[in-house]
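Data first, discussion second: the structure below is written as structure tokens.
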Amino acid sequence: MRIVDIIDKKKKNHELSKSEIETLLHGYLDGTVPDYQMSSFLMAVYFNNMTTDELAHFTITMRDSGDTIFFDNLNSYLVDKHSTGGVGDKVTVVLGPILSALGMATTKLSGKGLGHTGGTIDKFESIKNFEFSTTKEELMDIAGKTGIGLMGYSDKIVPLDKKIYALRDVTATVDSIPLIASSIMSKKLAIQSNLIILDVKVGDGAFMKTIEEARELSRRMVEIGNAVGRKTMAVLTNMDEPLGFNIGNANEIIEGIEALKGNWATDLKEIVYEIVYLALKYKGEVKTFDEASKKIDKVIESGKALKALKEFIQLSGGNGEIVNNYSLLPTPNETLIVTSDKEGYVSKIKAEEIGKAAMVIGAGRATKDDIINHAVGIKLNKKVGDFVREGEILAKIYYNNNENILSSKNMVLKSYIIKKEKPKKINNILEIIE
Ligand code: URA
């Protein structure tokens, strides 16, 4: 079977067989298929899409290019919640401890932030000496003791995705929905779970800018999950403003801890409660949102969820006392206040712009080798729907002697869209695709 014939078949929009997909991908992994042929194939996929079967074979072959992780020591219900990436997204920090306190476990690979979006690894690494598990054994040990099994991506997991993603990046094929779906799902399927919940962010600060694109991506990912027998669902959530009040790293950890003490930002609460409800429903423990809500309230009020987070931090090398003493976290030494230049209602906060404003003062990375400053970040004083007077504080930037502070301030100001009319109440949960 010649590679050129496989590419030609895809170009003519004929369905590829499992063995044709395997030949192409195995060849690319071992170096016998060159970049120029793979590029051509990716572009053919970009224009001609993939059928359900093609997508499943493509994803499974990707997954099987590296290690898979099983949790033999855990007999609880395993939930892998994945976010497609947002601004101020600290859902994992809060969700893991709640699922654990409810007798379930989180098993997932977490990422680092890049560009305007943050990453769970960076948030936890704000905690001095905290280190994510680097071996399966360590991951299983911590997950077994705390119900929180978070691990950073390693080169051993789906190495083919890394190679193909780098090629997509330089061949204008990143924004292909089947390629995004298979890239994400190959990594999800490499780690054992009973349920995959995809938090697909929609809006200005998200990868998917429109609900239609988000729906299509969700549908394709759920389709892959179904094809391989892994229960998968997608929750489409709003990213037309940052999630919660804080954007950064240490400040997002604090916001997460506060949520576990019952002090929630409304949007964060809605999303976390919905995801926990879906997990409990699929586990077969509740039928209604109200039942789930009561269970969550209970583990927050009793301090059980907070205790799980403290244990997780401690077993990962950090000082668990940070849950009560925020001065143990890195702190910024300067603050700049951003005030409104007009009066009206906040109708939108461009999340991408805010993410970039945080990135330029060091809270995020412009390129993957940049070193971040965990102490710095932005706190929003006003959220969508709030009324603001001229001169009133919109946000505060916390920084350490940074030359980009004024451009950061301008970006924050520009991201606030203030209008005379009160905006309609936004739904944080836009849609659920099962
Ligand atoms: N995230 C991934 O893991 N892969 C993509 O292709 C896009 C986003």
Side-chain angles (χ1 to χ4, degrees), residues 25 28-29 38-39 41-47 49-50 54-56 58-69 80-87 89 91-92 108-122 150-191 193 196-210 213-225 230 232 234-237 239 351-352 355 364-365 367-368:
L25 291 184
Y28 188 58
L29 186 64
M38 195 62 191
S39 307
F41 172 79
L42 293 172
M43 195 55 88
V45 169
Y46 180 90
F47 285 109
N49 212 329
M50 280 202 244
E54 281 179 329
L55 194 56
F58 192 87
T59 310
I60 291 300
T61 313
M62 294 253 282
R63 179 198 66 186
D64 293 343
S65 67
D67 282 1
T68 43
I69 299 178
D80 182 346
K81 188 282 305 175
H82 174 84
S83 160
T84 54
V87 179
D89 182 359
V91 169
T92 301
K108 74 184 252 58
L109 300 168
S110 290
K112 289 193 174 219
L114 186 62
H116 67 280
T117 60
T120 300
I121 292 193
D122 301 320
L150 299 181
M151 186 184 185
Y153 285 103
S154 93
D155 290 348
K156 292 193 181 141
I157 293 162
V158 200
L160 197 48
D161 177 60
K162 204 168 177 206
K163 199 168 174 196
I164 292 180
Y165 195 90
L167 190 63
R168 284 167 58 202
D169 214 13
V170 292
T171 54
T173 49
V174 167
D175 57 344
S176 153
I177 289 198
L179 294 178
I180 299 172
S182 60
S183 164
I184 294 174
M185 287 301 289
S186 62
K187 290 171 285 191
K188 297 289 99 191
L189 298 176
I191 183 158
S193 65
I196 297 172
I197 303 182
L198 303 156
D199 177 0
V200 179
K201 305 281 182 200
V202 190
D204 181 83
F207 217 53
M208 298 290 118
K209 306 285 181 214
T210 67
E213 286 172 312
R215 212 176 267 145
E216 173 67 6
L217 176 64
S218 303
R219 202 177 56 75
R220 303 288 347 236
M221 292 193 289
V222 170
E223 190 180 299
I224 297 169
R230 183 83 66 97
T232 305
V235 186
L236 278 56
T237 63
M239 195 30 76
E352 182 163 354
R365 296 182 184 81
T367 68
K368 70 178 179 11

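Whatever order the structure lists ligands and atoms in, that order sets their numbers, starting from 1. Start at 1 with the first residue, then count along the sequence.
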Please indicate whether any nitrogen or oxygen in Tyr165 is less than 3.5 Å from any nitrogen or oxygen in ligand 1.
no
Side-chain H-bond candidate by donor/acceptor type, Asp161 with Ser186, under 3.5 Å
no
What protein heavy atom sits nearest atom 3 (O) of ligand 1, and how far away is it?
Lys187 NZ, 2.5 Å
List every atom of ligand 1 that sits less than 4.0 Å from any heavy atom of Phe207, numbering the atoms from 1 in the order shown and giving each element.
7 (C), 8 (C)
Side-chain ion pair, Lys209 and Asp204, N-O less than 4.0 Å
no
Is the closest side-chain donor-acceptor distance between Ser193 and Arg230 under 3.5 Å?
yes
Minimum-distance protein heavy atom relative to atom 1 (N) of ligand 1
Ile184 CG1, 3.8 Å
Which of the ligand 1 atoms, numbered from 1, are nearer than 4.0 Å to a heavy atom of Ser183:
2 (C), 3 (O), 4 (N), 5 (C), 6 (O)
Would you call Tyr165 and Val174 a side-chain contact if the rule is heavy atoms closer than 4.5 Å?
yes
Proximal atoms of ligand 1 relative to Arg168 (non-hydrogen, under 4.0 Å):
6 (O)
Go through the side-chain N and O atoms of Ser83 and Lys201 and say whether any donor and acceptor fall under 3.5 Å apart.
no
